[in-house]
Amino acid sequence: MEAGARKGQSARRPGTTRGRIYAVVRRIPRGRVATYGQVATLAGLAGHARQVGYALHALPAGSSVPWQRVVNARGEISLRSVPGAGLTQRMLLEREGIRFDARGRIGLERYRWEPR
DNA sequence: TGCTTGACATAAT
DNA sequence: CATTATGCCAAGC
């Protein structure tokens, strides 16, 4: 339990790598998407996109982090350990007004979040 | 304390 | 444009 509790804390504890990643993901506006590398760069972890994915993977359910708006560089939803979840993510994005390609890809040219 | 795994990115072919 | 190979860091056991 302590391990689980500690995990939940580290997720909300600012200053940690994961906390910074969550902070960036939270900044993604609705109806827009960002790539893992983009989030990593904004979080100050340029080049460490893997950590972004891992951080979201450890993200607790019910969190205020719109992990669904984070996609890979191909503009597609990355496969995760939980089968079926990809469809859930796609549904959430479509609900925000994001259109998917016939191949299940998003037009990053059109929906890419441009931070300023 | 140290090793293995992991929601990826980028470059090269 | 698709696929393959390599590199990065942090968290978990």
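Everything quoted here is computed from the prediction, not taken from an experiment. The figures that follow rest on heavy atoms only: side chains count, while hydrogens, waters and symmetry mates do not. Numbered from 1 within each chain, the chains take letters A, B, ... in sequence-line order.
Applying the salt bridge (charged side-chain N to carboxylate O under 4.0 Å, His left out) rule to pairs touching residues 52-73 of chain A yields A:Arg69-A:Glu96, sequence neighbours excluded. Residue pairs meeting the salt bridge (charged side-chain N to carboxylate O under 4.0 Å, His left out) criterion with at least one member in residues 49-67 of chain A, sequence neighbours excluded, do not occur. Among residues at least two apart or in separate chains, there is no salt bridge (charged side-chain N to carboxylate O under 4.0 Å, His left out) pair with a member in residues 28-47 of chain A. Judged as a salt bridge (charged side-chain N to carboxylate O under 4.0 Å, His left out), not a single pair has a partner in residues 74-83 of chain A (not counting sequence neighbours).
Look at CZ on A:Arg20: it is 12 Å from C1' on C:dA10, rounded to the nearest Å. Here the C1' atom of nucleotide C:dC9 and the NE2 atom of A:His57 are 16 Å apart, to the nearest Å. Protein atom CZ of A:Arg80 is 6 Å distant from nucleotide atom C1' of B:dA7, rounded to whole Å. We find that CG of A:Leu59 is positioned 18 Å from P of B:dG6, with the value rounded to whole Å. As rounded to whole Å, 5 Å separates atom C1' of C:dA10 from atom CD of A:Gln51. Rounded to whole Å, atom P of C:dT3 lies 10 Å from atom CD of A:Glu76. In this structure, CD1 of A:Ile21 is placed 11 Å from C1' of C:dA11, rounded to the nearest angstrom.
Within residues 102-110 of chain A, the residues that have a heavy atom under 4.0 Å from DNA chain C are, in order of number, A:Arg103, A:Arg105.
Panel note: side chain A:Tyr22, backbone A:Ala55; a donor-acceptor pair is recorded below 3.5 Å.
The aromatic ring of A:Trp67 sits over the base of B:dA7, with ring centres less than 5.5 Å apart and planes tilted by under 30°.
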Could you go through residues 34-47 of chain A and list every donor-acceptor pair under 3.5 Å that involves a side-chain atom there, pairing it with any protein atom two or more places apart or in another chain?
from, atom 1, to, atom 2, distance (Å)
A:Thr35, OG1, A:Gln38, N, 3.1
A:Gln38, OE1, A:Arg112, NH1, 3.0
A:Gln38, NE2, A:Trp113, O, 2.6
A:Thr41, OG1, A:Gly37, O, 2.8

Write out a two-atom table: protein N or O, nucleotide N or O from nucleotides 8-13 of chain B, distance below 3.5 Å.
from, atom 1, to, atom 2, distance (Å)
B:dC8, N3, A:Arg50, NE, 3.3
B:dC8, N4, A:Arg50, NE, 3.3
B:dC8, N4, A:Arg50, NH2, 3.0
B:dA9, OP1, A:Ala73, N, 2.7
B:dA9, OP2, A:Ala73, N, 3.0

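Hydrophobic cluster membership for A:Leu87: none, as no Ile, Leu, Val, Met, Phe, Trp or Tyr side chain comes under 4.5 Å of it. Cluster partners of A:Ile106, by chain and number: A:Val33, A:Val71, A:Ile77, A:Leu93, A:Ile98, A:Phe100, A:Leu108, A:Tyr111. The rule joins Ile, Leu, Val, Met, Phe, Trp and Tyr whenever side-chain heavy atoms lie under 4.5 Å apart.
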**Q.** side-chain contact (heavy atoms from CB on, under 4.5 Å) assessment of A:Gln89 paired with A:Trp67
**A.** CA-CA 9 Å; A:Gln89 181 173 4; A:Trp67 58 273; 3.8 Å; yes
